Amino acid sequence: MTDTPLSAAELVAAVPALARYLRPATLLHPYAAPDADPRGGRIGGPALWPVGEPWPHCAAGHPEDEYGFPRKVTEEPAAATALVPLAHLRVEDAPHLPWPEGTDRLQVLWCPNDHDDIQGERFYYGPAVELRWQRAADLAPATPPPPRRSEEEYLPQPCALRPEQVLDLPDRDDLPGELNRAVEEFAARQGLEYERDPGRADGWKLGGWPSWHSTDLIAVDCGRCGERMAHLLTVESGGDPDLSVGRHGELHVFVCPVDVAHPVGLDLQ
């Protein structure tokens with residue numbers, strides 16, 4: 001028996017009913033690049049921002065917890081802290097995302113502090129995330145103010161990207177029972193180890209499907225309109241960005257399929 005992963009193509013060829021679950025995704029493959037092109041796709045690094053538009057801040061209270069667990073939670077005085085650029089993404093690297101008309105850049109920003117008060121997020125304890133869908137022509141180099149306070153593990157090291165567009169299949173939890181059984185039977189006939197990931201692409205990822213490797217499936221619905229949200233981004237711990245998120249190293253960001261301007265959904269794995 002081997003732990004060689006099953007590819008999406010192999011699984012769909014063997015179990016054609018899986019084809020309707022294929023989704024396009026982009027694996028970002030970040031690598032350390034302190035001098036990366038500021039206008040290219042990247043993680044961290046120098047900021048770009050529309051001229052004349054104020055830099056966004058987080059005004060939420062942040063639990064004080066030097067041990068990493070909410071032993072004693074107090075609210076800070078009401079004072080905003082600057083958001084930190086997490087990712088600068090280009091339409092050409094992920095054309096399958098739900099880009100609003102006229103936009104070609106997505107900036108992912110987050111507050112580099114833990115939050116336990118994000119509306120609609122059950123059992124969440126991590127950074128608050130905001131999205132900005134923008135036009136490259138409107139952006140210019142900017143110097144954001146430093147965050148008033150931050151967790152070191154939420155400050156990304158500058159990285160460039162090697163985007164790879166793939167087709168992605170979901171975890172077992174996102175499949176109906178009969179498909180689960182069909183995929184398990186195929187894996188068993190091949191002598192392959194099969195656990196929870198039939199052809200799902202892992203790592204820093206845009207689009208595709210989230211993984212549920214530390215919990216069962218958690219339905220993430222829009223806090224504004226109630227629609228089931230779609231996976232937008234997986235942030236992975238470790239590697240060259242040198243981040244640490246979640247219990248087992250993943251933060252999933254979801255967007256509303258009705259309107260991407262609705263507040264994001266978040267899940268930590």
Side-chain angles (χ1 to χ4, degrees), residues 27-49 53-70 73-90 105-118 121 124-132 134 139-163 203-206 232-253 264 266-269:
L27 295 175
L28 297 179
H29 301 301
Y31 62 95
D35 301 320
D37 179 0
R39 293 190 176 273
R42 54 186 166 73
I43 306 299
L48 296 172
W49 202 248
E53 185 176 318
W55 188 264
H57 286 66
C58 175
H62 306 116
E64 295 177 352
D65 179 17
E66 63 183 1
Y67 298 100
F69 297 93
V73 176
T74 57
E75 292 295 325
E76 290 188 317
T81 191
L83 300 185
V84 169
L86 174 64
H88 180 92
L89 305 166
R90 310 180 304 170
R105 293 294 183 271
L106 169 60
Q107 295 209 57
V108 183
L109 309 167
W110 70 9
C111 176
N113 297 283
D114 286 316
H115 298 72
D116 61 358
D117 58 351
I118 297 177
E121 302 302 337
Y124 184 81
Y125 194 78
V129 177
E130 293 190 15
L131 305 179
R132 295 290 190 275
Q134 299 169 327
L139 303 178
T143 304
R148 187 171 59 89
R149 68 186 298 270
S150 63
E151 303 291 339
E152 184 176 357
E153 63 266 28
Y154 297 151
L155 299 176
Q157 300 302 307
C159 288
L161 308 176
R162 294 190 184 95
W204 281 82
K205 180 170 66 175
L206 293 170
L232 178 82
L233 170 67
T234 290
V235 176
E236 187 176 59
S237 294
D240 288 324
D242 195 24
L243 299 174
S244 178
V245 293
R247 290 161 289 187
H248 295 281
E250 286 185 358
L251 168 64
H252 301 145
V253 181
V264 300
L266 301 171
D267 172 73
L268 285 171
Q269 291 287 309

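This structure is a prediction, so every number in the text was calculated from the model and none was measured.
Under 3.5 Å, the side chains of Tyr154 and Asp114 contain a donor-acceptor pair of N or O atoms.
The heavy-atom pair separating Leu139 from His88 by the smallest distance is CD1-CE1, 3.8 Å. Here the shortest heavy-atom pairing between Pro145 and Ala82 reads O-CB, 3.2 Å. The nearest pair of heavy atoms linking Pro241 to Ile43 is CB-CG2, 4.1 Å. Of all heavy-atom pairs between Pro85 and Leu109, the closest is CA-CD2, 3.7 Å.
The salt bridge (Lys or Arg N to Asp or Glu O under 4.0 Å) test applied to Arg132 returns Glu130, not counting sequence neighbours.
A distance of 4.5 Å separates OH of Tyr124 from CG of Leu266, quoted to the nearest 0.5 Å. To the nearest 0.5 Å, atoms OG (Ser237) and CD (Gln269) are separated by 12.0 Å. For the atom pair CZ (Arg90) and CG (Leu206), the distance works out to 12.0 Å, reported to the nearest 0.5 Å. In this structure, CD in Glu250 is found 10.5 Å from CG in Leu233, a value given to the nearest 0.5 Å.
With hydrogens and angles ignored, the 3.5 Å screen pairs a side-chain donor or acceptor of His115 with a backbone N or O of Gly126. One N or O on the side chain of Trp55 and one on the backbone of Leu83 form a donor-acceptor pair closer than 3.5 Å. Remark: the backbone N or O of Pro54 is paired with a side-chain donor or acceptor of Trp49 at under 3.5 angstrom. Side-chain N or O atoms of Arg105 include none that pairs as donor or acceptor with a backbone N or O of Gln107 at under 3.5 Å.
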Please assess Val108 against Val253 for the test side-chain contact (heavy atoms from CB on, under 4.5 Å), listing each intermediate value before the final yes or no.
-> CA-CA 10 Å; Val108 183; Val253 181; 5.6 Å; no

How far apart are the C-alpha atoms of Cys111 and Thr81, what are their side-chain angles, what is the distance that settles it, and do they pass the side-chain contact (heavy atoms from CB on, under 4.5 Å) test?
-> CA-CA 8 Å; Cys111 176; Thr81 191; 3.6 Å; yes

Stepwise side-chain contact (heavy atoms from CB on, under 4.5 Å) test for Trp110 and Val245 | CA-CA 12 Å; Trp110 70 9; Val245 293; 3.9 Å; yes

Begin from the C-alpha positions of Val129 and Val235 and carry the test side-chain contact (heavy atoms from CB on, under 4.5 Å) through to its verdict.
-> CA-CA 11 Å; Val129 177; Val235 176; over 6 Å; no

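Screening Thr234, Leu243, Leu161 for a side-chain contact (heavy atoms from CB on, under 4.5 Å) involving Trp204 leaves a single residue, Leu243.
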